[in-house]
Amino acid sequence: MKRASRLAESAPVGAFAPRAGEPFPAGAHPLDWRRSGLSAFGRKVCRSFTDALLSDENEKGELFGPGDATLDRVVKKMDLWLGSASPDLSRAFSVLCLGLEGSPTFTLKRARRFTSLPLAERLRVLEMLEDHPNGLLSMLLTAFKVPLGTAAFEEGELLADTGFNRPDLIAARDLKRTSAA
Amino acid sequence: MSGENGLDNVIFGRDLTAPFEESCDVVVVGSGAGGAVMAATLAEAGKRVIVVEEGAYYRPEDYQRFAPSESVRRMFREAGMLMAFGIGQTPMISITLGRAVGGSSLLTGGVCFRIPSEVHHRWERDLGLTELSEQGYQEAYDDVEKKLEVTEVPVSMRSESTRRYVAAAEKLGYKVEPIHRNTGEDCEGNARCNFTCPKGAKRSVDRNYLPSATKNGATILSDALVNRVIEKGGRAAGVEGRLLGGAFGAPGQSFKIHAPVVVLACGTLHTPLILLRQGIGKQSGVVGKNITLHPAVRIVGRFDDPVEGWNGAMQSVYSDHFAAQGIKLVGVYTTVNFLAAGLPGVGPALRKRARSLSHCAVFGAMIHDEGGGQVRLGPGREPILSYKMAPRDLERIRKSITILSELSITAGAREVFTSAWGFPPVKNMDDARGMENARIDARRIECMAFHPLGSARVGKDGRSGVVDQNGEVFGVPGLFIADGSILPTSIGVNSQVPIMASATRIAWRLDERFKMLRAS
């Protein structure tokens, strides 16, 4: 330890404690840890996965993705999540990204990168992972599906699709509506 | 209720720019259910207390407005992606733990159970832990329940999701009972307690115990990771560690806090890390071992008519009908984004099922497991948790899925989405019963766990346990443990009140002996 001061000298007790109605201390957004969790490769894999996970069919049975705005939002949330966790988790997730990128080898039996596949084939890979008798491959799917799906269904059209009838997931229950019913 | 507008005496470690040393009477590592009780009780008794918390501090007025993903990012350990590595035929188990001032108490469903009588009896009779009798805990239970304002969830607060399962259970002859929770009379049934309560109804420890601690002079240091217990002359003399969350790329400043009494309350997965690094408790052979998790599964039943299960208390009932088989049934719900992400299917199949969520009800089960978990030091900051599920417990999980599926069909569900990935939905009683004997790779079963316990268990002596019945570590005077790690067996119920009652007992005894501890 180069120079040890007393805690009270270094930071007078209460000096950094926000009180009711006061703003948090100056600096970057004080509620957040300032770190990104996904590498460029990780972002690419997550985006490609989410595109397939949330794909839907139109009336003609044609497959379409959720759109750039949704993909940007979901990948950003994943980035922030991993950035707030330990570096251990980021490293582990990088390994999972490599596993998913190579998963067409185990599912489609073709040496292709997951991110290079067209949407319909990526969807097929996800279906095969989910139904695979080897539980480890199901786990690989789950490791992406649960966090990315959670981020996706939290707002916008995807939340509205669930039929959730409050403005957002922060809004409290409308007790007047309940009692009237 | 005190603490409505946040705590005084919180120092943000992330904003400190220089190393420091400090001294006090008692340093408490961890501010969750165990640490907060120790801090409050000892500060109220006049001790100079510093609480060191790895996570950040958020005021209730801020976190009550967090979307679920923001709660996960800011308050869940490993952003909610903490898993137990399954060994052999073991399901994947995700673990929910808090990492913030207030710890996991911020993220519970608020459910309050005492340790069942038979568990107390077992500790007393089979393990010789006579002070851990039900009677020995009575006063502490009363104290904790009063401070948490524990009340029975009224029938009117049950969601439609829960009502349907209760009706089905009654039809099948299962007795269902109301749960008690720490929400006083304030719950308005937002069904998202595990991501913080928008109403602020839940009495997490940052709203009662920690305000009492700071009011009585305790200081809370957030964003500070303790790495070691300082030992001098064969006894505990403080802690050292480093500050977290400063400017990106900047090394964390180091700190030392000197105190004659050190309390570790970092939780079942992190307290043993400190012990293992220093070889403390090594002679017992149980540090980091025999962890129980209470693995849990949930099912989602889809009905023809709307359910809107999000209107009502997240948890309001339970059934011990299958207690003899180690299974507790619990009413449960969570936010729709988490439910949607957990539905089977991908692409159009997932989107279609997500559109039916307003017609879906949810119910869950938790098992009373053998201790198959082990914590090891990892290559980085976090521990590695492995879990080998006992064959008996895997049977209990399969049985739970069957029971829940039968309940759903009896309740009138058209189809039931179980927690077995890649399996078709259950549509009738035959399907439901078939789940018990289906050859499912256990790793395709999705489990959750919220109550890891027992990695530094109490024992009669240093050969059988890490701490004595007063929470003091064998062989290291002045070092105490007051979290879920000390519970000697699975308890089969939600662990917040048991941990808080255990910590209350330890704090009372410690206070009585403090002069002697300091003098030694």
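Just so you know, these numbers come straight off a predicted model, no measurement behind them. Proteins come first, then strands; the chains are lettered A, B, ... in the order of their sequence lines, and each starts at number 1.
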Polar side-chain atom of [X] near backbone of [Y] as donor-acceptor pair, under 3.5 Å:
X: B:Glu382; Y: A:Ser86; value: no
X: A:Arg173; Y: B:Glu188; value: yes
X: B:Arg351; Y: A:Ser55; value: no
X: A:Asp88; Y: B:Arg381; value: yes

To the nearest 0.5 angstrom, please state how far the [atom1] atom of [X] sits from the [atom2] atom of [Y].
X: A:Leu159; Y: B:Leu357; atom1: CG; atom2: CG; value: 10.0 Å
X: B:Met81; Y: A:Leu89; atom1: CE; atom2: CG; value: 5.5 Å
X: B:Asn337; Y: A:Phe164; atom1: CG; atom2: CZ; value: 9.0 Å
X: A:Trp81; Y: B:Arg74; atom1: CH2; atom2: CZ; value: 12.5 Å

Pairs of heavy atoms under 4.5 Å with chain A: top-ranked of [options]:
options: B:Ala67, B:Gly345, B:Gly378, B:Gly80; value: B:Gly345
options: B:Leu350, B:Thr335, B:Ile445; value: B:Leu350
options: B:Gly312, B:Gly347, B:Pro198; value: B:Gly347
options: B:Ala191, B:Gly189, B:Ser94, B:Cys360; value: B:Gly189
options: B:Glu78, B:Arg353, B:Met92; value: B:Glu78

Using heavy-atom distances under 4.5 Å, tell me whether [X] contacts chain A through its side chain, its backbone, both, or neither.
X: B:Arg355; answer: both
X: B:Leu343; answer: backbone
X: B:Glu240; answer: neither

Quiz item: If you count the non-hydrogen atoms of other residues, nucleotides and ligands that lie under 6.0 Å from NZ in B:Lys199, is the total more than 12?
Solution: yes
Quiz item: Does atom CD of A:Glu57 have more than 12 heavy-atom neighbours from other groups under 6.0 Å away?
Solution: yes
Quiz item: In chain order, what residues pass the ring pair (Phe, Tyr, Trp, His ring centres under 6.0 Å) check against B:Phe338, with sequence neighbours excluded?
Solution: B:Phe195
Checking [X] against chain B: side chain, backbone, both or neither under 4.5 Å from a heavy atom?
X: A:Leu158; value: side chain
X: A:Ala52; value: backbone
X: A:Leu169; value: both

Closest heavy-atom pair and its distance - [X], [Y]:
X: A:Arg166; Y: B:Asn190; answer: NH1-O, 3.5 Å
X: A:Thr162; Y: B:Trp310; answer: O-CH2, 4.2 Å
X: B:Arg99; Y: A:Ser84; answer: NH2-O, 3.4 Å
X: B:Ala79; Y: A:Ala85; answer: N-CB, 4.1 Å

Practice problem: With a 4.5 Å cut-off on heavy-atom pairs, point out which of A:Ala160, A:Ala92, A:Gly163 contacts chain B the most. | Solution: A:Gly163
Quiz prompt | Contact residues of residues 120-152 of chain A (partner chain B; heavy-atom separation under 4.5 angstrom) | solution = A:Leu123, A:Leu126, A:Glu127, A:Glu130, A:Asp131, A:His132, A:Pro133, A:Asn134, A:Gly135, A:Leu136, A:Ser138, A:Met139, A:Leu141, A:Thr142, A:Lys145, A:Val146, A:Pro147, A:Gly149, A:Thr150
